[in-house]
Amino acid sequence: FISDALLGIMIATGYDLPMTLLCGTVGNSLGGMTSYYLGRLGRWVWLEKYFGIKKEKIAKFEYRVRKYADASALLTWLPFIGDLLAVALGVLRRPPLRVIALMATGKFLRYLIIALMVNGFFN
């Protein structure tokens with residue numbers, strides 16, 4: 001939530017709105033892609049082996065992420081689960097350009113809503 005607060009403060013104090021949205025979106029998306037590429041290093045079997053997560057639970061999660069891969073990429077802006085989704089997309093070897101495009105879209109929309117709320121509140 002730190003980036004949301006920083007974005008709100010910057011907008012409320014008069015920073016350029018389009019540049020603030022662009023920088024926030026790019027920075028947060030690059031962070032999300034870090035999680036994605038960490039996921040590309042991983043394997044689903046490691047979850048069972050090292051974390052004791054049952055195979056059935058892993059299979060159910062993997063199925064959902066595969067089925068809803070595009071929606072998952074759009075939802076990487078969500079607190080807590082967003083990073084897990086980015087890692088899962090990496091493990092599944094989803095196309096990185098598609099992931100970054102969808103990830104950036106979701107993060108931009110979140111920041112745009114925050115910006116509009118801050119502008120409405122302070123104007």
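Since the model is a prediction, treat every value here as computed from it, not as a measurement.
With rounding to the nearest 0.5 Å, the separation of CD1 in Ile114 from CG in Leu109 is 11.0 Å. For the atom pair CG (Leu17) and OH (Tyr111), the distance works out to 13.5 Å, reported to the nearest 0.5 Å. Taking CD1 from Ile113 and CE from Met117, the interatomic distance works out to 8.5 Å, rounded to the nearest 0.5 Å. Taken from CE in Met33 to CZ in Arg40, the straight-line distance is 8.5 Å, to the nearest 0.5 Å. Separating the CE atom in Met103 from the OG atom in Ser72 is a distance of 10.5 Å, to the nearest 0.5 Å. In this structure, CE in Met10 is found 10.5 Å from CE in Met19, a value given to the nearest 0.5 Å.
Leu38 and Val91 sit in two unconnected hydrophobic clusters of ILVMFWY residues. Membership requires side-chain heavy atoms under 4.5 Å apart, directly or through other members. Under a hydrophobic-cluster definition in which Ile, Leu, Val, Met, Phe, Trp and Tyr are linked whenever side-chain heavy atoms come within less than 4.5 Å, directly or via other members, Leu22 and Phe108 are assigned to different clusters. No chain of hydrophobic side-chain contacts below 4.5 Å, direct or via other Ile, Leu, Val, Met, Phe, Trp or Tyr residues, connects Val26 to Leu102. Note on Ile100: it does not cluster hydrophobically with Leu74, by side-chain heavy-atom contacts below 4.5 Å among ILVMFWY residues. Clustering ILVMFWY residues whenever any of their side-chain heavy atoms sit less than 4.5 angstrom apart, transitively, puts Leu75 in a cluster other than the one holding Leu84.
Each of Leu89, Thr76, Leu85, Asp70 was evaluated against Val99; a single residue qualifies, Leu89, per the side-chain contact (heavy atoms from CB on, under 4.5 Å) test. Of the residues Thr105, Asp4, Leu7, Leu78, the one that meets the side-chain contact (heavy atoms from CB on, under 4.5 Å) test with Arg110 is Asp4.
Formation of a donor-acceptor pair under 3.5 Å by the Arg66 side chain with backbone atoms of Arg64 is not found in this model. A donor-acceptor pair under 3.5 Å links the side-chain atoms of Tyr36 to the main chain of Arg94, judged by distance alone.
Minimum interatomic distance between Ser29 and Ala104 (heavy atoms only, all atoms of both residues): OG-CA, 3.3 Å. For the residue pair Arg93 and Gly42, the shortest heavy atom distance occurs at NH1-O, 3.9 Å.
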